[in-house]
4 protein chains.
Amino acid sequence: MSLSNGRPYLAIPGPSVIPDVVLQAMHRASPNIYEGELHDLTRSLIPDLKSVAMTDHNVAIYIGNGHAAWEAALSNAIGPGDTVLVLATGRFGIGWGEIATGLGAKVEVIDCGVQSPIDLARAEERLAADTAGQIKAVLAVHVDTSTSVKSDVAGLRGVLDRTGHPALLMADCIASLGCDRFEMDAWGVDIMVAACQKGLMTPAGISFVFFNDKADDAQSARVSRYWDWRPRVDPAVYYQYFAGTAPTHHLYGLRAALDLIKAEGLDAVFARHAKLAQTVWAAIDVWGSDGPMSLNVPNAEHRSHAVTSIAIGSSVGQDLREWTETKCGLTLGIGLGREPEDAYFRIGHMGHVSGHMIMGALGTIDAGLKALNIPHGRGALEAASEVVAGTTERRTNDG
Amino acid sequence: MSLSNGRPYLAIPGPSVIPDVVLQAMHRASPNIYEGELHDLTRSLIPDLKSVAMTDHNVAIYIGNGHAAWEAALSNAIGPGDTVLVLATGRFGIGWGEIATGLGAKVEVIDCGVQSPIDLARAEERLAADTAGQIKAVLAVHVDTSTSVKSDVAGLRGVLDRTGHPALLMADCIASLGCDRFEMDAWGVDIMVAACQKGLMTPAGISFVFFNDKADDAQSARVSRYWDWRPRVDPAVYYQYFAGTAPTHHLYGLRAALDLIKAEGLDAVFARHAKLAQTVWAAIDVWGSDGPMSLNVPNAEHRSHAVTSIAIGSSVGQDLREWTETKCGLTLGIGLGREPEDAYFRIGHMGHVSGHMIMGALGTIDAGLKALNIPHGRGALEAASEVVAGTTERRTNDG
Amino acid sequence: MSLSNGRPYLAIPGPSVIPDVVLQAMHRASPNIYEGELHDLTRSLIPDLKSVAMTDHNVAIYIGNGHAAWEAALSNAIGPGDTVLVLATGRFGIGWGEIATGLGAKVEVIDCGVQSPIDLARAEERLAADTAGQIKAVLAVHVDTSTSVKSDVAGLRGVLDRTGHPALLMADCIASLGCDRFEMDAWGVDIMVAACQKGLMTPAGISFVFFNDKADDAQSARVSRYWDWRPRVDPAVYYQYFAGTAPTHHLYGLRAALDLIKAEGLDAVFARHAKLAQTVWAAIDVWGSDGPMSLNVPNAEHRSHAVTSIAIGSSVGQDLREWTETKCGLTLGIGLGREPEDAYFRIGHMGHVSGHMIMGALGTIDAGLKALNIPHGRGALEAASEVVAGTTERRTNDG
Amino acid sequence: MSLSNGRPYLAIPGPSVIPDVVLQAMHRASPNIYEGELHDLTRSLIPDLKSVAMTDHNVAIYIGNGHAAWEAALSNAIGPGDTVLVLATGRFGIGWGEIATGLGAKVEVIDCGVQSPIDLARAEERLAADTAGQIKAVLAVHVDTSTSVKSDVAGLRGVLDRTGHPALLMADCIASLGCDRFEMDAWGVDIMVAACQKGLMTPAGISFVFFNDKADDAQSARVSRYWDWRPRVDPAVYYQYFAGTAPTHHLYGLRAALDLIKAEGLDAVFARHAKLAQTVWAAIDVWGSDGPMSLNVPNAEHRSHAVTSIAIGSSVGQDLREWTETKCGLTLGIGLGREPEDAYFRIGHMGHVSGHMIMGALGTIDAGLKALNIPHGRGALEAASEVVAGTTERRTNDG
């Protein structure tokens with residue numbers, strides 16, 4: 001039976017579902033880039049971006065993806081020969097380190113595996129040993145999209161403080177910003193990178209580097225003109241916001257997306273993501289009670305509210321994804337960061353999502369398990385709907 | 001907890017979910033209405049509309065809603081003083097009869113209730129008694145949107161044939177066209193009315209009157225210029241298609257929608273709707289096994305595949321709808337046609353719908369039942385997912 | 001040389017150029033039609049529509065085109081056998097009368113030709129002669145789109161008053177509303193019809209009947225349920241606004257269009273149209289000073305500010321239109337209402353138009369005249385630009 | 001008099017007018033970035049981009065603006081300490097050199113002024129003197145957007161060949177690609193940079209580096225991971241096309257834009273731009289015959305077909321731009337690259353433009369000259385319309 005029709009649902013961990021108002025705002029003629037409305041709109045984005053990141057410091061907007069933000073942040077923060085400490089919890093931590101290597105840095109990686117957060121004890125041991133202060137920056141991915149591991153960034157600040165280490169604390173919030181609570185200033189993060197196509201619900205194409213004064217004071221003399229964050233946060237003329245032509249349509253889209261976040265309220269946004277993540281986990285717990293499925297991250301405290309990685313057995317992940325996409329119009333995320341990748345899949349529950357969507361995704365997966373004769377515990381959907389209903393009391397790490 | 005964000009899902013029985021390609025096609029400048037592309041596009045719609053209705057005869061397109069099509073069809077078919085027999089299974093059958101009354105017809109109603117289809121025996125009895133052939137037309141709603149009752153239109157043709165009655169057989173397929181199988185020519189329907197905003201997945205605003213040669217031969221001499229179907233199906237100049245300016249943007253939208261139906265295939269479209277309807281019923285059967293919920297139409301053979309009406313108890317229907325809309329972004333249809341209306345709700349599963357959407361709607365209802373402490377049987381979602389999976393063998397009246 | 005690319009410009013007398021904000025507003029999911037935002041939005045349209053028509057009375061919205069509004073108005077105002085007096089200045093006056101004929105009225109036409117306005121003396125003569133008051137309604141087209149003749153509707157009220165004739169004064173403002181000044185109440189108009197795709201800048205598909213208490217008191221007992229304007233202006237339940245499903249997307253579009261008009265201010269809208277019309281006339285006067293081109297309406301007082309009909313010689317009108325469309329992307333209106341139609345063309349300058357657009361249209365026509373070796377006076381564009389500049393003092397009938 | 005309404009027309013030299021089909025294509029949900037349609041679409045862009053650039057070699061797509069492409073190209077082509085020769089004809093040549101400086105290069109500038117093209121004799125003199133071959137790359141802007149000067153890039157290749165100099169020939173076609181004829185391979189260009197928001201008619205946000213094998217062989221070992229063009233042209237996995245998440249919506253938009261170019265044909269596109277540029281020049285020649293206006297570039301052979309810079313006198317440029325924008329909805333480009341900037345303005349006639357648009361822009365400027373009492377020769381618009389008509393024989397440097 002064909003179920004080919006119907007609105008497709010992209011439930012991958014980014015790009016996420018784009019609100020109609022964002023697309024409407026982008027469906028317009030190009031504005032004048034030299035004066036007028038676009039300038040006001042651009043300026044209006046800055047405080048709202050900082051509000052989402054919970055910082056009073058600076059944000060530079062880059063036309064680019066997350067990798068561009070990685071390179072931009074590192075280009076400002078470090079120079080060739082500097083030492084960088086990467087605390088990896090998945091593929092994206094490793095990838096950020098590779099960008100640093102490409103920029104001439106000496107990169108040390110503490111690999112914390114793919115199922116648990118950054119090991120603060122190992123980080124502390126290494127930083128304490130660096131009595132010469134050679135480590136210029138510590139790179140930590142808040143939520144690694146590949147594994148859905150969430151790390152304790154505030155705890156890492158504690159480590160730096162306890163060891164008195166002067167390294168810059170750099171956080172990657174590409175997957176988490178606007179989904180998992182993140183408090184840049186309160187948590188003592190010096191540099192944070194993010195992108196627009198996940199919690200910020202805008203088509204892929206712009207990314208962000210947030211940085212504080214300490215980071216700015218440490219800016220590399222070697223930073224290129226294009227990556228230099230200074231003109232971008234304090235432009236003498238408008239085009240310096242973007243080192244050239246502005247990403248006009250993305251700015252209109254982002255404005256609409258930030259308006260949605262403001263209207264809902266950041267705390268409500270976080271609470272919604274927490275609840276929907278718990279909804280997903282509830283189902284997986286039941287499915288996994290009698291079959292091969294399991295949450296990649298055993299400890300709920302260490303799981304993101306934006307994405308969930310699930311193990312299900314070699315080739316089965318791939319089969320299930322194909323079934324849900326071709327039979328029901330639901331596209332799930334591929335496995336990433338653990339081999340064999342086809343033994344995993346990921347559910348994105350970030351951004352413009354709500355209860356009916358998550359229940360639809362879970363219901364489709366349940367049907368796929370049945371259609372493909374994949375063993376699974378019964379009652380998963382009902383466990384999930386209980387979370388949506390609020391009739392279960394589940395511990396959450398979001399308060 | 002706020003769940004205010006996320007893509008809204010309108011699961012009412014029309015207007016239905018509009019495909020993105022339809023909206024894209026409508027987002028355009030007005031075309032020249034006197035020559036060129038629009039003329040070709042308009043002509044291309046005719047065979048495809050007839051194909052969806054399974055007829056080789058005529059279709060007139062009206063700018064209007066379903067009520068406009070009702071009045072247009074009646075204005076052509078009958079004149080003041082004519083007698084019309086309405087076979088009602090819900091509010092919309094009654095409504096069509098009121099339009100006939102407004103046109104000066106004598107209207108007789110056989111009310112078949114709100115839970116079962118047209119009573120062919122009563123119809124036969126009445127028609128057989130009309131030996132003078134005073135009944136000019138028999139009005140039958142294929143699927144009454146208010147009750148979700150589906151009637152046996154082919155059976156009604158049998159009644160007319162058996163009684164040798166010359167009345168025109170007029171069918172309302174507003175809710176069913178493109179969802180529930182309907183074969184205009186094979187079933188001997190003389191006039192059929194439909195609209196664009198349900199199975200045809202286009203924003204409300206145009207409707208259709210299909211008619212065969214018998215109906216045309218019987219055309220009322222009193223039909224007005226605007227309602228006259230003849231110039232609309234055989235225009236000497238283009239503007240006569242619409243008795244004036246064409247509904248330009250709707251035509252582009254409808255073209256895109258018909259392309260979707262062609263690409264999927266009409267049989268596949270019907271099969272998809274059948275399966276999704278059965279998915280809904282499976283859940284309701286379980287919920288209703290231990291609580292107040294019940295399908296409005298007891299017999300599955302008599303249920304539409306486009307919409308399902310559900311009884312749940314006074315004020316509870318209203319409460320449930322409010323919960324799903326405000327907490328999860330799912331808008332369900334209000335009760336209609338049975339008192340008290342707040343004891344009912346309806347799920348639209350027509351048009352651009354797929355497995356993940358229906359499972360999302362059901363999952364949300366399940367959560368609402370729990371949140372509101374409405375008694376219900378357990379396991380409804382799993383029963384539904386089994387239908388989507390195809391692992392249950394359920395009898396269907398669609399083969 | 002190909003000039004095939006570039007944004008097309010539809011300069012026909014309706015549908016007119018649609019503002020981007022209108023199309024954006026229509027690019028959206030269907031709303032709930034039973035409650036919520038759509039209801040508020042619909043109600044908000046009423047005062048703004050009445051403001052554009054300068055009336056404090058009633059407006060009924062119909063899903064349909066101008067012909068639908070014609071039939072709707074007549075269905076309410078007259079019954080079979082009533083006498084109607086049509087004062088024709090072009091094809092559309094004649095057409096409205098044909099609709100009346102189709103409804104069973106006795107239609108008398110005073111044909112005032114195609115180059116001059118309604119002949120008030122002839123109208124007065126006829127009305128004075130109708131001492132029995134058999135004429136139920138007088139039909140006057142404010143601006144006949146086919147000829148671009150504008151008539152003196154206030155003067156017609158004077159005629160009715162002087163003769164003491166009780167007939168309803170019905171005006172067709174389809175081409176003029178929102179372009180040429182029209183004051184329904186001050187001018188004593190009882191019924192006025194309009195549509196959305198011209199001065200109201202919305203895709204074709206909805207039209208309007210404005211009426212006052214005198215008209216309502218005279219409502220025909222035979223009006224059909226669908227055309228009946230009473231539930232539409234005083235609905236007990238929402239769906240009665242439209243006698244069925246609302247034209248959802250058009251309502252959103254119209255809302256955006258009316259917001260544009262409010263923001264500019266109705267007087268400014270009229271002044272803009274006046275100036276742009278004078279710009280067109282200035283060019284044509286010069287072109288016509290040495291060649292076949294001439295304004296269809298000799299007297300500027302009798303010309304519409306929304307559309308201009310131009311004579312240019314048999315087949316030449318057609319040739320010119322083809323050249324501007326295929327070489328420069330400018331679509332002009334076909335000749336209409338005078339034979340041979342290919343000797344005429346029309347320029348629409350209604351709705352969402354501004355100086356650069358009109359100068360672009362005129363510049364393209366100038367190029368076409370040269371390319372096709374059509375004799376014409378030199379200096380037309382400069383005469384036009386002087387009007388745009390405001391450096392000429394031209395008499396206007398709107399001033 | 002207010003002329004505030006009407007479709008705005010952005011006639012700046014980029015971003016240019018975006019075709020509706022491009023915006024329609026971008027108004028869509030995010031696609032799966034890991035497999036499926038997006039991958040096919042991306043691959044389809046490569047040959048078409050190369051076709052527009054007339055090259056058989058490589059193209060790397062960057063999420064970014066023109067400055068990003070500048071930095072990307074230089075990051076691949078040169079390393080710190082390398083010498084670069086900039087041949088400047090305006091602000092953007094200077095700017096590209098500044099990017100090179102920022103990357104640690106030694107930058108030599110031969111400033112050729114702002115009204116004439118690259119001085120091939122001076123270039124030849126300098127290259128001949130570099131017997132040690134220290135100049136690693138020669139940077140030439142094909143069309144400098146600030147001055148509208150077009151240089152002879154093929155001639156520059158001749159200089160390199162005659163002097164036997166091994167330097168890479170790098171060309172900036174940001175303003176010219178798809179407007180002014182450019183033949184990368186035939187002209188011996190090693191690296192070419194471009195962006196999407198001008199001749200490619202797509203919202204600002206992606207840019208391009210084309211390069212041949214010689215350039216690739218000379219790739220800097222110091223190139224960063226993000227700028228490295230190799231994975232982008234020969235990706236092992238899809239995400240390497242963009243070093244991370246793809247700019248999904250821009251790719252859909254660009255696909256639609258390239259389809260337009262293919263449909264028109266590249267030669268026809270160039271011919272259209274040539275004719276429209278000549279149309280602009282014809283008007284300016286006449287205006288300038290009796291007043292302060294003059295074309296910035298005296299020699300027509302040295303003028304771009306994409307943009308025209310015009311001198312008009314201190315503060316007058318600014319006044320004129322304000323008048324056309326606020327009175328007629330036409331936004332002209334600010335003066336750039338010559339002081340005082342308010343003595344200049346620029347007209348963009350690149351991309352999605354046609355005869356009616358250019359005539360509209362010129363007609364509006366003519367009105368502005370009159371309104372502001374700026375002296376000007378009479379007959380400019382008629383001179384322009386003669387070019388559009390093809391009734392003048394003007395020498396063109398486009399053959």
Side-chain angles (χ1 to χ4, degrees), chain A residues 1-9 11 17 19-20 27 201 260-261 263-265 267-269 271-272 274-276 279 324 327-330 351-373 378-382 384-391, chain B residues 1-9 11 17 19-20 27 201 260-261 263-265 267-269 271-272 274-276 279 324 327-330 351-373 378-382 384-391:
Chain A
M1 167 171 294
S2 160
L3 283 167
S4 61
N5 218 324
R7 176 179 283 275
Y9 175 10
V17 173
D20 285 342
H27 195 135
M201 308 176 285
L260 284 179
I261 289 174
E264 187 175 5
D267 283 338
V269 169
R272 176 167 51 85
K275 184 166 200 166
L276 295 176
T279 303
T324 64
K327 299 299 183 191
C328 294
L330 171 72
H352 192 53
V353 284
S354 64
H356 80 80
M357 298 168 75
I358 296 302
M359 290 306 298
L362 297 174
T364 303
I365 292 168
D366 195 79
L369 295 172
K370 289 172 169 56
L372 299 172
N373 285 313
R378 308 281 294 186
L381 300 178
E382 203 127 7
S385 82
E386 281 173 356
V387 182
V388 174
T391 48
Chain B
M1 166 171 295
S2 161
L3 282 166
S4 63
N5 217 326
R7 173 180 287 274
Y9 175 11
V17 173
D20 285 343
H27 196 134
M201 305 177 287
L260 283 180
I261 289 174
E264 186 175 6
D267 283 339
V269 169
R272 176 166 52 83
K275 184 166 199 165
L276 294 176
T279 302
T324 65
K327 299 298 184 191
C328 293
L330 172 72
H352 192 54
V353 284
S354 64
H356 80 79
M357 298 167 76
I358 297 303
M359 289 305 299
L362 297 174
T364 303
I365 293 168
D366 195 79
L369 295 172
K370 290 172 168 55
L372 299 172
N373 285 313
R378 308 279 295 184
L381 299 179
E382 202 128 7
S385 81
E386 280 172 357
V387 182
V388 173
T391 48

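Throughout, protein chains are lettered first and strands after them, A, B, ... in sequence-line order, and every chain is numbered starting at 1.
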Shortest non-hydrogen contact between A:Ala367 and B:Val388, atoms and distance: CB-CG1, 3.7 Å

Whether B:His356 and A:Tyr9 hold their rings parallel, tilted or perpendicular, with breakpoints at 30° and 60°: tilted

Contacting region of A:Ala380 [heavy-atom separation from chain B under 4.5 Å]: backbone

Which atom of B:Met359 lies closest to which atom of B:Leu381, heavy atoms considered: CE-O, 3.6 Å

Backbone of A:Gly355 reached by a side-chain donor or acceptor of A:Arg272 within 3.5 Å: no

Contacting moiety of B:Ala384, where chain A heavy atoms sit under 4.5 Å: neither

Contact winner vs chain A - B:Ala11, B:Gly360, B:Gly368, B:Ala361, heavy-atom pairs under 4.5 Å: B:Gly360

Region of B:Asp20 in contact with chain A, defined by heavy-atom distances below 4.5 Å: side chain

Salt bridge (Lys or Arg N to Asp or Glu O under 4.0 Å) against A:Glu386, all qualifying residues, sequence neighbours excluded: B:Arg378

Option in A:Asp366, A:Ile365, A:Leu362, A:Val17 with maximal non-hydrogen atom pairs under 4.5 Å from chain B: A:Asp366

